[in-house]
Every structure is written in C-alpha cells, then in structure tokens.
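Worksheet: the structure to be examined is printed underneath.
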Amino acid sequence: MTARKSGSRLETEIERCRSECQWDKIPELVRQLSAKLISNDDLGELLLGECKLQTYLKENPLKQGASPRGPRPKLVEVRKHLTAALDRGNLKADYLQEASLLMAKLCYVEGEYRDALGHYGKVSLDEMQLVGAPVYRLSMIAEAYATKGLCLEKVPAASPSLSNKNTGSPSSVKSTSDREQEIITCYEKSGDIALLYLQEAEKVRIHKSGIQNRSPKPGPTSQDIELGYFLETGLQRAHVIHFKNGNLTRGVGRFREILRAVESRTTQSLRMTIARQLAEILLRGMCEQSYWSPLEDPPTVSPLDDPTRQGHVLSKNYSLSRRPRVYSGENLFCPQENTEEALLLLLISESMANRDAVLSRIPEHNNDRIISLQSASVVYDLLTIALGRRGQYEMLSECLERAMKFAFEEFHLWYQLALSLMAAGKSARAVKVLKECIRLKPDEPTIPLLAVKLCVGPLHWLDEGESFAKMVIDMGEKAAEFRAKGYLAVGLVYSLKATDASLRSTQEEYQRKALGAFQRAQSLSPTDHLAAFYLALQLAVSRQIPEALGYVRQALQLQGDDVHSLHLLALLLSAQKHYHDALNIIEMALSEYPENFNLLYTKVKLESMCRGPEEALLTCKHMLQIWKSFYNLTNPSDSGRGSSLLDRAITDRRQLNAMTLPDFSDPETGSSSSRSGSEQLSPVSPSTISTFSSPLSSPMSSPLSSPSSPVFTFQPLPPPISPSFLCPTPLPPTPTRTRTQSFSTHITLRQLSSTSSVHATSIAASRVEQALSEVASSLQSSAPKQGPLHPWMTLAQIWLHAAEVYISMSKPAEAAACTQEASNLFPTSHNVLYMRGQIAELRGNMDEAKRWYEEALSINPTHVKSMQRLGLILHQLQRYSLSEKVLRDAVQVNSTAHDVWNSLGEVLQAQGNTAAATECFITALELEASSPILPFTIIPRAL
C-alpha cells in the first residue's frame with residue numbers, strides 16, 4: 001500500500017516536471033521510478049527519450065524558415081530510447097500515443113518528413129482526448145498538429161502516398177485544395193490547443209503561487225513557459241497561409257480568434273505582435289465598406305479576398321472537444337469600423353510596449369533594448385498613421401511623450417514627437433523638441449527650417465527664428481538646396497522685424513537686410529518662385545513698385561497659379577492706380593481660388609472704388625455665404641427666415657439702389673449667420689492653422705500688430721503650406737478660459753448670430769442691441785474659448801468690411817449693426833473700437849469718436865489708423881500740440897501712411913509752420929502715388 005502511494009506521488013511529480021518543462025529533474029525521477037517496478041522500464045525509456053529530445057531542442061533551437069539538416073549524433077540516443085519504448089509494447093495506450101508523437105517529432109527534427117507523417121497516421125490525432133488530459137499532453141498534441149502541418153508543407157503535393165498521381169485531372173485540383181485545407185486545419189488546431197495549454201498552465205502556476213504565498217516556507221518560483229518553435233508555428237502559421245493564398249477574410253478572422261482568447265503571461269509578446277500586424281492590415285488593406293464587426297460572421301464573398309480564388313475559399317470546418325477560453329461578458333467594447341479597431345489594437349500594443357520596454361543601458365541588455373525599441377517604434381509609426389488620418393494630433397503627441405522614457409538618442413521618435421506637437425498646435429514645446437532633434441542631427445537642414453516656420457508663424461519668436469535660419473545658412477554646402485531656404489527664412493525674420501520696429505531708422509535697417517537676404521535666396525535658387533515672390537513683396541513694402549512688378553511677374557512665370565503672387569500683382573496694380581486691371585486680376589485669381597477670403601477682401605475694396613458700394617455689398621454677402629457653407633455649421637435657432645444682415649442684398653441689379661441693410665422696418669426678417677470654427681479656405685490641409693497679419697485698410701487699414709498686441713487683433717489668413725513641411729502651423733495663444741464654459745459659449749454665439757441682426761422696428765432693434773451688449777459685457781468676450789480662433793476672426797472681418805462699405809455710403813445705422821456683429825465675437829478688438837469711432841464721426845459725435853479711438857489705442861498703442869483719426873479730432877478741437885504728437889508717433893510706426901502725413905501737414909499748417917507742412921504734404925503726395933488699395937502686409941509672410 002505504501003509502495004503504491006509512493007509510486008502515485010512519483011508519477012505526480014513526473015507529470016508536474018513535464019508540465020513545467022523541468023527536464024533536468026527527469027533522469028533522477030526515472031531512476032527512482034525504475035527502482036520501484038521493473039515494468040516501469042518502458043515508461044522510463046519514454047521519459048528519457050523525451051527529456052533528451054527537449055534538452056537538445058533547447059540547446060539547438062529550430063529557426064523559422066530553416067529546414068532540419070539530417071540526423072545528429074546527439075539524437076541517436078533519443079531514437080534508441082523511443083524505439084525501445086515502442087518495440088516492447090508494454091506501455092499503456094496513452095503513453096504509447098505519446099511515444100509515437102515524440103518519434104514523429106524526432107523524425108521531423110532529423111528531416112524524415114514521410115516517416116513523421118506515417119507515425120501521425122498510426123496515432124489518429126483527431127481521436128486524442130483533450131478533456132481531462134494533463135497539461136503536458138495538451139502541449140504534446142498542439143506540437144503534433146504543428147509538426148504534421150510542417151511535414152505536409154515539406155512533402156511534395158504529388159507524392160504517391162499523399163495525392164493523386166494524375167496531377168492534371170480535376171481530382172488532382174481538388175486534392176490540392178483539400179491538402180491546403182488539411183494544412184491550415186492542422187495549424188489552426190495546433191494554435192487553439194496551444195492557447196488552451198497555456199491557459200491551463202497559467203492556472204496551475206497561479207494556484208501554485210497562491211499556495212506558496214500562504215506557506216511559511218515558500219518554495220522555488222516557477223519560471224515562465226517558453227513557447228518553443230512548434231507552438232509558435234502553430235499560433236502564427238495559419239494566418240500567414242491565409243494571407244499568402246489571398247484569403248484576407250480568414251486571415252483577419254484568425255487574428256481576432258487569437259486576440260479574443262484569454263491571455264497568459266506567455267502569450268503577451270505574441271499578442272502584441274499579432275495586434276500590431278492586424279492593425280497594419282486594417283489600416284493598409286481594408287476600407288470601411290469591406291469591414292465587418294469582430295462579433296459578426298465574416299462575409300462569404302469579400303472584396304478583400306483574391307477574386308481568382310473565390311471558388312474555393314478555405315473555411316473553418318473542424319471542432320475540438322475543448323477550446324480556449326475567450327473574453328466574454330456584458331458591456332464589452334466592440335469596434336464598429338476599421339480605423340477604430342486598428343486604433344484600439346495599437347493603443348493596447350503601445351501600452352504593452354511601454355510596460356515591457358528595456359531601459360537598462362548596460363552592455364548585457366543592449367540587444368534586448370534594441371529589439372524592444374524597434375518593436376515600439378513600429379507601433380508608434382502605425383499610431384501616427386491611424387491618428388493622423390483622424391487629425392488626432394493631440395492624442396498622438398501624448399502617446400509619443402510616453403515613448404520618451406526609452407527614446408534617449410533616438411532621433412526618429414524625437415522627430416515624430418516634434419511633428420505631432422506642431423500639428424497639435426503646441427508650438428513652443430515643438431520648438432524645444434526640435435532643438436533636441438538638431439542636437440541629434442546637426443547637419444540636417446530641414447529641422448531648423450521647421451523651427452523657423454514655428455518661430456516666424458504662430459510664436460512670433462523672431463530672434464529665435466533668426467538663429468535657426470542662420471544655422472541653415474552656416475551649414476554651407478552641406479545644406480545643398482536648402483541653403484536658399486535659409487536665406488529666405490532669415491529674410492522673412494528681418495521683414496517681420498521691420499514691421500514691428502517703432503523707429504523709422506530701425507525699420508529701414510531691417511528692410512535693407514531683408515532685401516539682401518531675399519536677393520541672396522533668389523540668386524541661389526532662381527527657379528524658386530517663393531524667393532522671387534518674397535523679394536517682390538519686400539520691394540513693394542519699401543514702395544519700389546516698378547522693381548516689385550518685375551519680380552512678381554518672374555514669380556508668376558515660375559508658378560503661374562500661386563495665389564499670393566496673383567494677389568501681390570493686383571495690389572501693385574492698385575498702387576499704380578490701375579484699379580480696373582487690379583480687379584480683373586483678383587477676379588481671375590478667385591476663379592482659381594473662389595474661397596480665399598484675402599482675395600475677397602481686396603475685391604470689396606476694388607469694387608467700392610470701381611463699381612460702387614452696392615457691388616461691394618454683394619461681395620460681402622457672398623463672403624458670408626461662403627463662410628457659412630464651407631464651415632458647415634448651422635444655427636440651431638435658425639428659423640430659415642434669413643441668413644445674415646446682408647440677406648437683403650439680392651442679385652437683382654435693378655434693386656441695388658433701393659437696398660438697405662438691415663431694414664429695420666421689416667420685423668419678419670431675422671439673422672442666422674452662423675458662428676463656427678474654421679480654417680483658411682485656399683487649398684490647404686484641413687489641419688492647417690496659421691497666424692494672421694492685419695488686412696484692414698483705409699479707412700481701417702493698419703500694419704502688422706506689435707508683439708504686445710492682444711490676441712483679438714484681426715489679421716489675414718495664412719498661405720498654403722509648402723508640401724516639404726509636414727505639419728501645420730498652430731494658432732496664436734488664446735485667452736485663458738475655463739473649459740466648462742466652452743460649449744455654452746458656442747451656443748451663445750450661435751444665438752447671438754441669429755438674434756443680433758433682427759429686422760424689426762427701431763425700438764426692437766435698440767432692445768436687441770442692448771441685450772447683446774449686456775450679454776457681451778457679462779461674457780467679457782463672446783469669442784470661442786476653445787478651438788481655432790481664425791474662423792471667428794474671418795467672420796468678424798467680413799462684418800467690418802461691410803460696415804466700412806456702409807460708412808462710405810453714409811449709412812451709420814447699418815454700419816453700426818454690422819459692427820455689432822463683429823463686436824459680439826471680439827468686443828475688445830481695437831479694430832471693432834476703431835470702427836465704432838468711424839461711425840461716431842459719421843454721426844458728428846466727435847467726443848464719442850475720440851473716446852472710441854482712445855480705447856482702441858489703449859488696446860493696441862501702435863494702431864496707425866486710430867492714431868490718425870484721433871490726431872484729426874484733436875486738431876478739430878484745436879489741441880494742436882497733442883495732435884502733432886499723436887501724428888508724429890503714427891509716422892514713426894508707419895512711415896508710408898500717406899493719410900497720416902497729410903493730417904500732420906494740416907496740423908502743422910494750422911500752427912503756422914508752413915515749411916514743415918509743405919514737406920509733409922509733398923511726402924503724402926509721393927506716398928499716395930504708390931499706395932495700394934490695401935496694405936501689402938495683408939499678404940501673409942510665412943515659410
């Protein structure tokens with residue numbers, strides 16, 4: 001009785017060691033087993049043969065794609081042990097099956113594929129029981145199916161023992177299809193049983209660790225199970241064959257089956273690999289139309305599959321007595337489209353890659369660290385594709401920031417982070433990351449050029465931009481064709497510095513440097529239209545109109561459809577007083593870029609000059625319609641009774657003279673001009689965001705605002721981004737707001753848009769205006785607290801242009817209504833306050849106008865138009881000294897403003913300083929002769 005119990009415990013220990021792959025303990029256990037009963041010699045031979053075979057494979061692992069190279073001396077003993085166990089026939093049926101499986105495995109290792117298939121034929125793998133089988137036997141069965149599949153692939157299909165000899169007959173074709181099905185079935189069964197084995201082994205390990213934790217004397221910890229060549233082949237080979245045969249539907253289905261199985265510690269790295277591969281297939285090979293949910297049955301006919309093989313698509317047609325457990329339950333998330341599933345898989349892979357990253361820098365871990373970094377880099381590259389398609393750059397930058405812990409000295413990840421930060425609008429942080437990229441690759445010219453792009457654009461860090469641009473120039477011949485871009489960048493920096501400078505001498509110095517840089521860029525790259533264009537623009541700003549015309553024509557010869565070159569040509573023609581020709585150029589450009597607001601602003605000014613204000617109002621209405629349709633935002637309170645204050649501007653030319661906007665005698669007509677987020681409407685990437693320079697002109701023109709100007713300064717839209725730069729330019733910083741108010745603010749704006757322009761009686765209109773004023777004052781700013789600001793800037797610009805047209809028509813009520821629309825968006829903008837001053841002047845209320853101009857200057861002290869109008873009012877009030885001081889300050893800010901020189905001359909003349917007044921009048925005449933319809937700085941200056 002004691003011997004039987006001892007034998008039972010010994011067999012249990014042997015089974016445990018086999019399950020845990022502790023082959024070094026097997027020989028001692030076999031010695032103890034043989035000492036108990038002589039009949040155990042056959043079992044001992046089996047165990048020793050298995051032990052030596054597994055030890056050999058551990059020391060000499062097989063590699064994927066490599067074929068065994070015949071018998072090895074160390075395997076002779078293995079064959080001797082297994083042959084002895086099989087020939088005697090004393091083993092129990094289960095052990096006899098195990099011996100046959102081991103012999104077949106040995107035959108494969110030695111390259112005897114037919115012999116291996118013969119052994120599998122004797123065993124009848126499909127009849128081996130999985131229910132109640134020990135853990136180690138599950139592993140043996142899984143390896144047996146994988147080995148059988150490998151043997152079937154190795155043995156020629158025309159083998160007499162395996163297929164029909166007549167390979168040209170229809171039965172031969174059928175036999176080939178059946179053979180492919182049999183191979184795939186072997187691998188799929190192997191994979192399913194391998195997952196079951198790993199789950200059961202994990203359960204045993206957890207149970208054992210729980211017992212050890214409760215024990216006062218803990219035993220040795222169990223090691224993680226290694227998959228090995230055969231189990232890994234069983235798990236990964238089936239989907240490879242599916243994809244090779246063009247059956248993507250079954251391949252994707254197989255991926256999903258493996259991923260839905262309850263994972264174990266051993267399968268974690270495999271799951272990360274499979275998740276990454278499936279995500280890549282979903283992103284590259286599957287569209288929304290061919291996608292099906294993971295919980296649905298795959299389509300019988302799919303566009304994913306090879307059409308030449310549609311007639312014999314291999315389907316799953318086997319069953320197992322036990323299957324691996326899968327995740328199930330209520331409220332499980334299930335993706336609904338391919339990008340969603342790919343993103344889910346990649347985020348899981350990214351989490352696993354971060355968790356398993358090798359951070360140690362010691363030499364012993366160098367290879368492991370490189371492998372983990374390469375694996376993570378692939379995941380982040382795929383995440384860039386998936387999130388970039390959705391424009392989720394904020395999320396992408398957060399993912400890449402998590403990768404920084406193992407990205408030391410890894411340029412690729414740093415560069416990806418910089419580009420994602422640029423696209424997410426985090427310009428300041430992007431510049432810091434680009435500095436690290438420059439340190440890693442100091443000879444790469446594109447990196448400092450990207451930094452210049454941010455410094456010149458949204459950040460307005462001109463000193464930093466100059467240093468980055470000079471880095472490219474200092475590279476010399478290393479920069480190759482990018483050296484011209486370096487000069488172009490430094491020229492833009494000097495040009496912007498000239499605009500910001502408050503002293504005329506400083507302005508002239510920077511303008512001279514800018515001209516020199518642009519000329520150098522144009523000489524280095526004579527075929528670059530941007531070099532010729534910016535040289536023409538700088539010459540135009542310096543009022544060298546004939547020279548500018550020559551270079552802009554050269555730019556148009558190089559790039560005939562460049563919108564900014566066409567715009568500059570129109571402004572240059574207007575500076576020469578060829579207004580009709582300029583209008584023709586603008587209309588030609590609008591035929592190519594019908595939704596470019598900069599061109600439309602200029603068209604409004606030119607139409608007012610050439611065709612009358614009525615035509616300009618029609619263009620304003622057209623701009624509102626474009627704004628509303630392009631940004632596709634509808635007002636929830638829109639009753640359909642009208643679209644804006646300009647809805648009365650009908651296209652019937654016979655009623656233009658009778659048109660009034662708004663018509664306060666019509667109480668039925670309302671306003672529903674939508675407020676929404678937007679971007680530039682010229683052909684730019686949807687994610688493109690950039691800063692603006694002020695486009696407002698006489699009577700509301702101004703140069704670029706100084707860096708100290710508030711964020712509500714209206715400025716024009718950016719140019720299309722050059723394809724060489726991958727990421728858009730972000731917005732200027734917005735005022736700090738609480739996130740909880742953003743949604744309500746958007747709703748309020750839309751309601752304001754629909755109620756602020758109600759066509760009612762004058763009493764109703766005043767009540768509406770009073771209500772809007774109260775709402776605006778309570779919110780401090782109706783501008784959106786989140787999201788891009790320039791759509792709202794664009795909308796406000798449109799209303800201000802309409803107000804300016806009404807002022808030219810001497811209609812203060814309509815101008816005030818349009819200005820109120822702009823004020824609802826940006827009540828503290830100096831442009832809005834300036835326009836209120838214009839309206840007060842039109843009504844003859846000089847004290848109120850003076851107050852509005854002073855408020856505008858308190859917000860933007862360098863707003864030249866406000867300074868000019870304030871100087872004239874002070875002149876009318878006979879405060880000559882103060883008027884002269886204000887106008888001289890305006891001249892210092894913008895020495896090319898002819899109307900300021902004229903006003904200064906009037907003040908000096910009133911003071912009796914005739915000589916100085918004469919000089920001012922002459923200067924004004926000279927400048928007016930070259931003054932464009934809108935300032936040249938309306939054209940954006942950016943890389």
Kindly say whether [Y] contributes a backbone atom to a donor-acceptor pair with the side chain of [X] at under 3.5 angstrom?
| X | Y | result |
| --- | --- | --- |
| T55 | C51 | yes |
| S351 | L347 | no |
| S190 | E143 | no |
| R483 | E477 | no |
| S139 | V135 | no |
| Y187 | L150 | yes |
| S420 | Q416 | yes |
| N245 | N247 | no |
| Q336 | C334 | yes |
| Y327 | E263 | yes |

Q: May I have the step-by-step check of salt bridge (Lys or Arg N to Asp or Glu O under 4.0 Å) for R325 and E200, ending in yes or no?
A: CA-CA 10 Å; R325 300 188 306 278; E200 294 299 317; 3.8 Å; yes

Nearest atoms (heavy-atom pairs only) where [X] meets [Y]:
| X | Y | value |
| --- | --- | --- |
| E188 | A238 | CG-CB, 3.7 Å |
| H239 | G251 | CB-O, 4.0 Å |
| S375 | M272 | OG-CE, 3.1 Å |
| L943 | A489 | CD1-CB, 3.9 Å |
| V433 | W414 | CG1-O, 3.3 Å |
| A279 | L345 | N-CD1, 3.9 Å |

Side chains of [X] and [Y], heavy atoms from C-beta outward: is any pair under 4.5 Å?
| X | Y | value |
| --- | --- | --- |
| R18 | M140 | yes |
| L346 | L283 | yes |
| L231 | Y197 | yes |
| F468 | C455 | yes |
| K485 | P445 | no |
| L400 | L383 | no |
| K432 | L421 | no |
| L419 | T384 | no |

Partners meeting salt bridge (Lys or Arg N to Asp or Glu O under 4.0 Å) with [X] (sequence neighbours left out):
| X | result |
| --- | --- |
| R237 | E153 |
| R389 | none |
| E409 | R439 |

Taking atom CZ of R355 as the centre, report whether more than 12 heavy atoms of other residues, nucleotides or ligands fall under 6.0 Å from it. yes

| said: Please check if the number of heavy atoms outside K244 that lie under 6.0 Å from its NZ is greater than 12. | reply: no

Sorted by chain and number, sequence neighbours left out, side chain to side chain contact (heavy atoms under 4.5 Å, CB included) with R390 holds for E337, T339, Q392

Residues passing the ring pair (Phe, Tyr, Trp, His ring centres under 6.0 Å) test with F243, sequence neighbours excluded, are F255

Contacts of F411 meeting ring pair (Phe, Tyr, Trp, His ring centres under 6.0 Å) (sequence neighbours excluded), chain-then-number -> Y415

Measuring from [X]:[atom1] to [Y]:[atom2], what's the distance to the nearest 0.5 Å?
| X | Y | atom1 | atom2 | value |
| --- | --- | --- | --- | --- |
| M352 | T273 | CE | OG1 | 8.5 Å |
| F408 | L373 | CZ | CG | 12.5 Å |
| L235 | L198 | CG | CG | 7.0 Å |

- Is it true that R402 and E398 make a salt bridge, defined as a side-chain N closer than 4.0 Å to a carboxylate O? no

